[in-house]
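Per chain, numbering begins at 1; letters A, B, ... match sequence-line order.
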Amino acid sequence: MNLARRRLQGIFDRLLRAHGPQQWWPGESVFEIMVGAVLTQNTAWRNVARAIDNLRRAEALHPAALLAVHPRRLATYLQPSGYFNVKAKRVRAMTRWLLDAGGTAAITRWPTVRLRAALLAVHGIGPETADDILLYAFNRPVFVIDAYTRRIFSRLGLVSGQEGYETLRAAFEAALPPDAAVYNEYHALIVAHGKDVCRVRPCCETCVLRRGCRYARSGARLSDS
DNA sequence: ACCCAGGGTCATA
DNA sequence: TATGACCATGGG
């Protein structure tokens, strides 16, 4: 693993020029962002947006209101986002925890380490979802690792892709200054690039990162291993 | 018809 | 620690 600050900044600059500012996270409140972070687990955002629309129309996009919805009905709201039974439980567990903790106003004042540990203790919130929430809902300088991050940076030869989540997060955070605005834009750009260009089937001709990508040479119709 | 998407939990070895 | 099954919808 070889993450140098200059290299990461160069990649950031190219992604920003290619894709433009991403303005993440889509969502109008802390709670909406938290809900979206759970709903988007292994799910296309298009489908998540439909589920969130359902919650908004039902005026259930607030902690107390959401808990007042019967779990069966909640699952029907979440249906378009897939895994709706699982996600209904997860969203409820997160919301119950949130209210027990005193609401968003209270936990906003918690130090990042405590907040992260508390989030990870909630059923259905794993490392990536916790870090999405920390970064995008609470503006903490936490670098989010996801499948796109692994794919893109392993094709560039900077990571193996086999490292554990914490190992990668620590490496990115050690290489970059702890700036939430930068981490915010960086992860959003990684996702934008992963969706539009650097897919499972590589498209190296139009990729701004093709210089250094191991698929850009050798004809490249490979798959990641 | 198949593959993929802004993961996580649980059981098993 | 590391696999595999499972969750489920919608788009390409």
Side-chain angles (χ1 to χ4, degrees), chain A residues 12 15 19-27 30 32-55 71-97 116-138 140 142-155 160-169 172 180 183-203 206 221-225:
Chain A
F12 177 87
L15 291 176
H19 302 288
Q22 298 298 305
Q23 313 278 350
W24 269 25
W25 183 289
V30 168
E32 181 176 343
I33 293 169
M34 294 176 73
V35 170
V38 171
L39 295 186
T40 198
Q41 290 169 356
N42 201 38
T43 301
W45 182 259
R46 175 190 300 270
N47 294 339
V48 176
R50 291 178 170 135
I52 290 180
D53 281 346
N54 290 341
L55 293 174
R72 303 292 271 271
R73 178 174 293 275
L74 179 59
T76 67
Y77 293 155
L78 303 187
Q79 189 222 359
S81 73
Y83 306 134
F84 46 84
N85 290 313
V86 169
K87 286 175 177 174
K89 285 180 189 168
R90 293 181 181 178
V91 166
R92 282 183 63 87
M94 178 184 71
T95 306
R96 223 188 315 261
W97 163 78
R116 187 167 199 272
L119 285 166
L120 287 174
V122 176
H123 181 89
I125 297 183
E128 184 179 339
T129 305
D131 290 345
D132 277 339
I133 292 171
L134 287 165
L135 178 59
Y136 291 105
F138 294 97
R140 307 304 174 92
V142 171
F143 200 96
V144 178
I145 305 297
D146 68 345
Y148 291 134
T149 313
R150 284 198 166 81
R151 183 188 305 162
I152 291 169
F153 285 87
S154 74
R155 286 180 184 178
S160 78
Q162 304 302 315
E163 297 92 345
Y165 185 95
E166 288 304 318
T167 302
L168 282 172
R169 184 171 74 89
F172 277 92
Y183 290 4
N184 177 322
E185 193 60 32
Y186 211 142
H187 181 246
L189 286 168
I190 286 169
V191 174
H193 190 70
K195 288 202 291 196
D196 295 347
V197 181
C198 191
R199 320 197 63 139
V200 174
R201 308 247 182 255
C203 178
T206 65
R221 281 295 173 263
L222 313 173
S223 59
D224 302 273
S225 59

For atom [atom1] of [X] and atom [atom2] of [N], their distance in whole Å:
{"X": "His193(A)", "N": "dA5(B)", "atom1": "NE2", "atom2": "P", "result": "14 Å"}
{"X": "Arg50(A)", "N": "dA5(B)", "atom1": "CZ", "atom2": "P", "result": "18 Å"}
{"X": "Tyr165(A)", "N": "dA2(C)", "atom1": "OH", "atom2": "P", "result": "18 Å"}
{"X": "Asn47(A)", "N": "dC7(C)", "atom1": "CG", "atom2": "P", "result": "18 Å"}
{"X": "Asp53(A)", "N": "dT9(C)", "atom1": "CG", "atom2": "C1'", "result": "16 Å"}
{"X": "Glu32(A)", "N": "dG6(B)", "atom1": "CD", "atom2": "P", "result": "18 Å"}
{"X": "Leu189(A)", "N": "dG6(B)", "atom1": "CG", "atom2": "C1'", "result": "13 Å"}
{"X": "Ile133(A)", "N": "dG6(B)", "atom1": "CD1", "atom2": "P", "result": "17 Å"}

OP1 or OP2 of dG6(B) under 4.0 Å from side-chain N/O of Arg150(A):
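Checking Arg150(A) against dG6(B): no side-chain N or O falls below 4.0 Å of OP1 or OP2.
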
Ignoring backbone atoms, test whether Thr129(A) places a side-chain nitrogen or oxygen under 4.0 Å from the OP1 or OP2 oxygen of dG8(B).
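Yes, such a contact exists.
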
Closer than 3.5 angstrom, by distance alone: can the side chain of [X] be matched with the main-chain N or O of [Y] as a donor-acceptor pair?
{"X": "Gln22(A)", "Y": "Gly20(A)", "result": "yes"}
{"X": "Arg90(A)", "Y": "His123(A)", "result": "no"}
{"X": "Tyr136(A)", "Y": "Asn184(A)", "result": "yes"}
{"X": "Asp131(A)", "Y": "Val144(A)", "result": "no"}

Over all strands shown, is [X] touching base, sugar-phosphate only, or nothing at heavy-atom distances under 4.0 angstrom?
{"X": "His187(A)", "result": "nothing"}
{"X": "Val191(A)", "result": "base"}
{"X": "Lys195(A)", "result": "base"}
{"X": "Ile190(A)", "result": "nothing"}
{"X": "Asp132(A)", "result": "nothing"}
{"X": "Ser81(A)", "result": "nothing"}
{"X": "Arg90(A)", "result": "base"}

For the side chain of [X], starting at C-beta, report the closest nucleotide among [options].
{"X": "Val200(A)", "options": "dG6(B), dG10(C), dC4(B)", "result": "dC4(B)"}
{"X": "Trp24(A)", "options": "dG6(B), dG8(B), dC4(B)", "result": "dG6(B)"}
{"X": "Tyr148(A)", "options": "dG7(B), dA5(B), dT9(C)", "result": "dA5(B)"}
{"X": "Asn42(A)", "options": "dT9(C), dA8(C), dC10(B)", "result": "dA8(C)"}
{"X": "Tyr83(A)", "options": "dA5(B), dA8(C), dG6(B)", "result": "dA8(C)"}
{"X": "Pro127(A)", "options": "dT9(C), dG8(B), dG6(B)", "result": "dG8(B)"}

Are Asp146(A) and Thr149(A) close enough, and set up right, to give a side chain to side chain donor-acceptor pair (under 3.5 Å), and what steps lead you there?
CA-CA 5 Å; Asp146(A) 68 345; Thr149(A) 313; 2.5 Å; yes

Whole-angstrom distance between dC6(C) and dG6(B), as gauged at atom P
24 Å

Expressed as a whole number of Å, how far does the P atom of dG10(C) sit from that of dG8(B)?
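Going atom to atom, P in each nucleotide, I get 23 Å.
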
For the base of dA5(B) and the side-chain ring of Trp45(A), does the geometry meet a stacking cutoff of under 5.5 Å between centres and under 30° between planes?
no

Which ranges of DNA chain B pair up as stems, where a stem means three or more consecutive Watson-Crick or G-U pairs with both distances under 3.5 Å?
B:2-5 with C:9-12, B:7-13 with C:1-7

Contacts of Ala44(A) and Gly124(A) projected onto DNA chain B by closest heavy atom; the upstream (5') one is Ala44(A)

Most 5' of Ile125(A) and Gly194(A) on DNA chain B, judged by nearest nucleotide:
Gly194(A)

Would you mind checking if Arg150(A) and Glu128(A) are paired as a salt bridge, meaning a charged N to carboxylate O distance below 4.0 Å?
no

Can you say whether the rings of Phe143(A) and Phe172(A) are parallel (under 30°), tilted (30 to 60°) or perpendicular (over 60°)?
parallel

Can you tell me how the ring of His19(A) sits relative to the ring of His193(A), calling it parallel under 30°, perpendicular over 60° and tilted otherwise?
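Perpendicular.
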
CD1-CD distance between Ile145(A) and Glu163(A), expressed to the nearest 0.5 angstrom
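Going from CD1 on Ile145(A) over to CD on Glu163(A), the span is 9.5 Å.
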
Assuming nearest nucleotide by heavy-atom distance, tell me which of Arg46(A) and Phe84(A) is located more 5' along DNA chain C.
Phe84(A)

